[in-house]
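The block underneath contains the structure these notes are about, expressed in structure tokens.
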2 protein chains.
Amino acid sequence: MNIGDVAARSGLPAKTIRYYEDIGLVTPKRSENGYRAFAEADLHKLAFLARARALGFSIEDCRALLGLYEDDARASADVRKLAVSHLAEIEDKIAQLREMQATLQVLVDACHGDNRPDCPILAGLSTTPRGG
Amino acid sequence: MNIGDVAARSGLPAKTIRYYEDIGLVTPKRSENGYRAFAEADLHKLAFLARARALGFSIEDCRALLGLYEDDARASADVRKLAVSHLAEIEDKIAQLREMQATLQVLVDACHGDNRPDCPILAGLSTTPRGG
DNA sequence: TCTTGACCTTACAGTGACTGGAAGCCTTAT
DNA sequence: ATAAGGCTTCCAGTCACTGTAAGGTCAAGA
């Protein structure tokens, strides 16, 4: 398979696949013409990566996950640990975003949004938030 | 005020303040010794920026917000529009993170997490997600 | 006066995970 | 023969900083 084929089948842009080769996540062989020659195993890896990335795992997490995936003697506890820690990160991010959302929603609700300059949003940004 | 003072009072690292000067968000005067000499107005701007950034606005949004803030003839509708659009982005991100969270939670719950290699998390990553 | 240490300056490189673009080679179809 | 499309490499740009190096400035103490 050429890079265009694996791109179509993995859902990853060709650019990204080249990048993944650069950083050593996949190591496709080369055809005589210099083109990357992907095996089914490479495609499988790339699809794995695409799914892990879609779940928000960092590249380094993905590298670790791939390593565990290919290690028949892995302990599922190691995988679970990675996933749990990533879940915690996700929850942190959600919490942060919810705080932003709540604060901003209050300001937006307070703003009449017409052509007058008076604006509670700017007022809120220009003064110390009432922290209690 | 020197940069250390405004850093302490705005909560922004000195590095970040220099960066904000580089990209034209603030333009402090200079003392004869070459040090940045911040006025109260600069500090106020930086605190504004710190709060807008804490709400997740991009630097370019912040630039626009600052422009509106300093424009006495602004329409509050313009500010509101920016804020509403940013709120939508926040909500999108939350929704995406919640999807990741849900998927990952299912996998984590299914994983016994002991020293056996059998692992539903890796299995889930290695096969096409059942999409319904 | 000298020194120490904290503060300030610039400039350049690195982060994460790509993405875009230029310049050029290879393949396939007409 | 040529044109279109796919492939190659390499370099630069994104976003918002952050780290580091090399050096200038200032206030306090011996």
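The sequence lines fix the lettering, A, B, ..., with proteins before strands; numbering per chain opens at 1. Quantities reported herein were computed from a predicted structural model and do not represent experimental measurements.
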Exercise for the section: May I ask you to check whether Asp92(A) and Gln96(A) show a side-chain donor-acceptor distance below 3.5 Å? Expected result: no
For [N], does either OP1 or OP2 sit under 4.0 Å from a side-chain N or O belonging to [X]?
| X | N | answer |
| --- | --- | --- |
| Ser58(A) | dG16(C) | no |
| Tyr20(A) | dC18(C) | yes |
| Arg36(B) | dT10(C) | yes |
| Arg18(A) | dT8(D) | yes |
| Asn33(A) | dT27(C) | yes |

Using whole Å, what does the distance between atom [atom2] of nucleotide [N] and atom [atom1] of [X] come to?
| X | N | atom1 | atom2 | result |
| --- | --- | --- | --- | --- |
| Ile23(A) | dG14(C) | CD1 | P | 17 Å |
| Arg63(B) | dC17(D) | CZ | P | 12 Å |
| Lys93(A) | dG16(C) | NZ | C1' | 11 Å |
| Asn2(B) | dA6(C) | CG | C1' | 12 Å |
| Ile17(A) | dC18(C) | CD1 | P | 11 Å |
| Asp22(B) | dA16(D) | CG | C1' | 12 Å |
| Glu21(B) | dA11(C) | CD | P | 11 Å |
| Lys29(A) | dC7(D) | NZ | P | 20 Å |

Practice task
Write down the atom of Arg63(B), the atom of Ile23(B), and the distance for their closest heavy-atom approach.
Solution key: NH1-O, 2.9 Å
Practice task
Could you check whether Ile3(B) gets within reach of a base, just the sugar-phosphate, or nothing at all, counting any heavy atom under 4.0 Å?
Solution key: sugar-phosphate
Practice task
For Arg53(B), report the nucleic acid contact type (base, sugar-phosphate, nothing); a contact means any heavy atom under 4.0 Å.
Solution key: sugar-phosphate
Practice task
Spell out, as yes or no, whether a donor-acceptor pair under 3.5 Å connects the side chain of His112(B) to the backbone of Asp118(B).
Solution key: yes
Fill in the blank from the handout: Checking Phe57(A), Tyr20(A), Tyr69(A) against Phe48(A) for ring-ring contact (aromatic ring centres under 6.0 Å, His included), the one that qualifies is Tyr69(A)
Problem - Arg80(A) vs Ile121(B) side-chain heavy atoms within contact, under 4.5 Å - result: yes
Problem - Of the listed nucleotides dG19(D), dA17(C), dG6(D), the one nearest the side chain of Lys15(B) - result: dG19(D)
Fill in the blank from the handout: Taking for Glu60(A) and for Arg30(B) the nucleotide of DNA chain C with the nearest heavy atom, the one nearer the 5' end belongs to Arg30(B)
Exercise for the section: Hey, which sits more toward the 5' end of DNA chain C by its nearest nucleotide, Tyr35(A) or Tyr19(A)? Expected result: Tyr19(A)
